[in-house]
Participant: 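Below is the structure I would like to discuss, written out as structure tokens.
Values reported hereafter were calculated over all heavy atoms of this structure, with side chains retained and with hydrogens, waters and symmetry mates removed.
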Amino acid sequence: MKSLILAAMMLVLSTLAAAAQTGPVQAALQAQRSLIEESSRRTIGPAIDALGASDLQQMQMVLETWRAKDMWQRKSDGFFFAAQKTADGTYRLTDFDTGDPIGDFDKTALTQLKPNSGVRAMIATALVRFQLTSPDIAKRTEALDSIARDPEAGLLAPLRASIEGETDAFLLTRKQRLERLMTIAFDELPAERVAAINGMAGDLGVDFRATLNPVLATTIRVIDADVEPTGNLSSVLAPGSAALSESDAYEILVQAELAEPLTNADERDAILEANIIAGRVGSFPVAQLSSETARNAAYDVLVKDGAAPARVGAESIAGTLANYTFAEIFVEPSKDVTDAASAALAQTETRVVASQTLDLGLDALSLASIYFLAAIGLAITFGVMGVINMAHGEFIMMGAYTGYVVQQFVSNHTASILIAVPLAFAVTFAAGVALERLVIRWLYHRPLETLLATFGVSIALQQLAKNIFGTQARPLTAPGWLDGAWVINDVVAISYIRIAIFVLALLFLGLFLFIMKRTRLGLETRAVTQNPAMAASMGINPDRVNMLTFGLGSGIAGIAGVAIGLFAKVTSEMGSDYIVQSFMTVVVGGVGNIWGTLAGATMIGGFQKGVEWLNPSNTLAAQTYMIIFIIIFIQFRPRGIIALRGRAAGD
């Protein structure tokens, strides 16, 4: 008896000693000990929630240690510690409450806690509560990313609590937006949800629309025809309408066990075959069962005789459907919430359409800038001089390759582009002058021969580029400050390279107008264009003007090649991608008129982007429709949008 009393006293004393050594963190862990030891995703939730909801500062470190699989349990007393392996193979335990090491233990005296991926994910969610107010901005950012990726109702309260103390302006904005979205999704008070929805109405963010969609989710409820629908009614669906076909409605009844499944032809024929006796099915000879009507009649006889289940045919669908009402009910029970969500989504969709229109307009303007750059040189050579230069695209290609070569020697991309632009002009200007002196000057007023000759030059230049640079596309890298895009909202964005090309197109427009209006070359060019004989009699050398004008057009094509090469592939065939559009731009705009070229580029760019928007899966259709449109347009305005008088106009 004394031994029993002594043993009991020792047990009480050891328990009291253990309790004395147990801090608040260890006590919280011991309270959830059985669930932690089991570590099952199905049962661990309450334990993680209890630990995460505690006010203990050390609990963040506990959860991080557990998730990292560095939490161990001492077998002798079941206490939990952080453990690190030492050089001699033992494990040094650290107390969670004090942060002090308590000694080294052999692995056999310990049990490692190894949460699976599901449990680790739940721990990570609990850690978000601590990370939202962490002094480390990276951890706060990580917490917001985690909430945005997997929002939960339980995280709304800690998110709200963290907003007031947020010091980073960007994170504060993110927290406020995320709080509004989670309020819409999870708040228990309909008035709070309605206020949040109304406050964000018209927002273009994809996250806002994604939050509203579950709020407006519906389910179809089948009720008797003479019973009024209950719940948050969205609409009553009439079978046979666009929203609900008769076959779909009947299938809903079948799934709800309110109607028998339709007997399909295969099931009917299988039963007929099983009942063939002496070449007959009942009173019907098999030879007469070649039509659907005869087979249905034979089947109905089997039903009367009890040899087959009743046939449910398509003719009985309408009668069955008339007995029921198909009500589309919102899953969300609050009508105020769904009404606000419907109005907000409609407002957002209106803004989305407007933004898409603006985005399409910017794309069209960007494409028009590219076509204008590619065509402005051709507007000079073809429009002013009347020369059909099929090698114009190759001057664009030469300019792009010039930029590539410069970047091989100048590593700074900004400096390389600044060097490449004038150098490309010089190279293609010289090439244009050489082409005019060697070939074109002998073929003036002979358009067919000029076309064939320049087409041959085009092929020769392409092959020369292949021999020098190979057939593989070469990179022409834009400066770092042109990376990225100008994002206006979640729908509208335009790359900085496109903006730069648009600005470059405006600069070229101004440069061209200056040359033509304010320089001697421009004056002489206009004189030769309008009346070459009179210009020659006034001391102007038409031959020299033609040479310089052709060189100027070729040089501008070279600069256009540098600009186009910043976003397009630089290959020997790149010029052929723009030669057709360049000719169409000049012809549609008006031969020999710079404003006509600008108008033509705008029209063609807008038309092509419009067709691509209507038929985005087939970009080839845009090219086809554009050519058809231009053919029709020229029938009504053969001289283009802005006609020019003089030699180029055929006067």
Side-chain angles (χ1 to χ4, degrees), residues 372-399 402 420-447 449-451 453-454 457-458 461 504 507-562 575 579 582-583 586 591-597 644-649:
F372 179 73
L373 274 179
I376 190 172
L378 196 64
I380 299 173
T381 57
F382 177 54
V384 175
M385 302 177 61
V387 175
I388 303 176
N389 179 19
M390 295 302 294
H392 179 77
E394 277 53 57
F395 289 134
I396 295 175
M397 175 264 292
M398 290 171 63
T402 300
V421 168
L423 187 60
F425 178 85
V427 169
T428 51
F429 179 89
V433 169
L435 179 62
E436 196 277 338
R437 291 288 88 186
L438 297 175
V439 179
I440 292 175
R441 67 179 297 194
W442 312 106
L443 300 175
Y444 284 128
H445 310 299
R446 295 161 64 184
E449 287 88 340
T450 304
L451 185 151
T454 54
V457 172
S458 168
L461 290 176
L504 188 62
L507 291 176
F508 269 113
L509 175 62
L511 177 63
F512 182 86
L513 292 174
F514 175 79
I515 292 174
M516 298 303 292
K517 301 292 185 181
R518 301 296 182 188
T519 66
R520 180 177 180 84
L521 175 61
L523 178 63
E524 293 179 348
T525 300
R526 285 186 288 130
V528 172
T529 299
Q530 295 173 11
N531 195 322
M534 182 63 72
S537 67
M538 297 296 293
I540 298 174
N541 185 347
D543 193 48
R544 173 179 171 275
V545 170
N546 287 336
M547 178 188 70
L548 294 177
T549 303
F550 195 90
L552 176 63
S554 302
I556 293 176
I559 297 178
V562 176
I579 185 64
S582 298
F583 271 109
V586 174
V591 175
N593 190 297
I594 187 62
W595 295 109
T597 303
L644 176 71
R645 293 187 176 275
R647 182 180 67 177

Participant: Closest heavy-atom contact between Ser554 and Gly432?
Facilitator: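 Here Ser554 and Gly432 meet closest at OG-CA, 3.4 Å.
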Participant: Please report the closest heavy-atom contact between Val562 and Gly399, naming both atoms and the distance.
Facilitator: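 Here Val562 and Gly399 meet closest at CG2-O, 3.3 Å.
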Participant: Quick check for you: to the nearest 0.5 Å, what is the distance between Ile388 atom CD1 and Glu449 atom CD?
Facilitator: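 If I round to the nearest 0.5 Å, the distance is 10.5 Å.
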Participant: Checking His392 side chain against Ala374 main chain: does a donor-acceptor pair fall under 3.5 Å?
Facilitator: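 Yes; judged by distance alone, with no hydrogens or angles, the pair exists.
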Participant: Between atom CZ of Arg518 and atom CG of Leu523, what is the distance when rounded to the nearest 0.5 Å?
Facilitator: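 Rounded to the nearest 0.5 Å, the CZ-CG separation comes out at 11.5 Å.
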Participant: What verdict does the side-chain contact (heavy atoms from CB on, under 4.5 Å) test give for Arg437 and Asn546, after you've listed the backbone C-alpha separation in whole Å, the side-chain angles of each residue and the deciding distance to 0.1 Å?
Facilitator: CA-CA 10 Å; Arg437 291 288 88 186; Asn546 287 336; 5.6 Å; no
Participant: Is there side-chain contact between Leu504 and Phe372, with at least one heavy-atom pair below 4.5 Å?
Facilitator: no
Participant: Can you name the nearest heavy-atom pair linking Gly551 to Val433, along with the distance?
Facilitator: CA-CG2, 4.0 Å
Participant: Taking all non-hydrogen atoms of both residues, which atom of Thr597 and which atom of Ala375 are closest, and how far apart?
Facilitator: CG2-CB, 4.1 Å
Participant: Would you say Ser458's side chain and Thr454's backbone share a donor-acceptor pair under 3.5 angstrom?
Facilitator: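 Looks like no, no N/O pair under 3.5 Å.
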Participant: Is any side-chain heavy atom of Val427 less than 4.5 Å from a side-chain heavy atom of Met398?
Facilitator: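 Yes. Closest side-chain heavy atoms under 4.5 Å.
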Participant: Would you give the length of the straight line joining atom OG1 of Thr402 to atom CE of Met397, rounded to the nearest 0.5 angstrom?
Facilitator: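 The CE atom of Met397 is 9.5 Å from OG1 of Thr402, to the nearest 0.5 Å.
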Participant: Can you tell me how far apart CG (Leu378) and CD1 (Ile579) are? Round to the nearest 0.5 Å.
Facilitator: 5.5 Å
Participant: Do Leu435 and Ile440 touch side chain to side chain, with heavy atoms closer than 4.5 Å?
Facilitator: yes
Participant: Ignoring hydrogens, what is the shortest heavy-atom contact between Phe395 and Ala431? Give both atom names and the distance.
Facilitator: CE2-CB, 3.7 Å
Participant: Pick from Ile559, Ile556, Leu509, Leu511: which one makes a side-chain contact (heavy atoms from CB on, under 4.5 Å) with Ile376?
Facilitator: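 Output: one option passes, namely Ile556.
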Participant: For Ala536 and Pro542, work out which heavy atoms get closest and say how close.
Facilitator: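 Reported closest heavy-atom pair: CB-CG, 3.9 Å.
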Participant: Calculate, to the nearest 0.5 Å, the distance between atoms CD and CG belonging to Glu436 and Asp543 respectively.
Facilitator: 6.5 Å
Participant: Quick one, Asn389 and Phe583 - any side-chain contact, counting heavy atoms below 4.5 Å?
Facilitator: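 With C-beta onward as the side chain, the pair stays apart.
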Participant: Can any side-chain N or O of Thr450 pair as donor or acceptor with the backbone N or O of Leu443 at less than 3.5 Å?
Facilitator: yes
Participant: Around Arg544, counting heavy atoms of other residues, nucleotides and ligands shown, do more than 12 lie under 6.0 Å from its CZ?
Facilitator: no
Participant: Given Trp595 and Leu513, is the side-chain contact (heavy atoms from CB on, under 4.5 Å) satisfied, shown in steps?
Facilitator: CA-CA 10 Å; Trp595 295 109; Leu513 292 174; 3.4 Å; yes
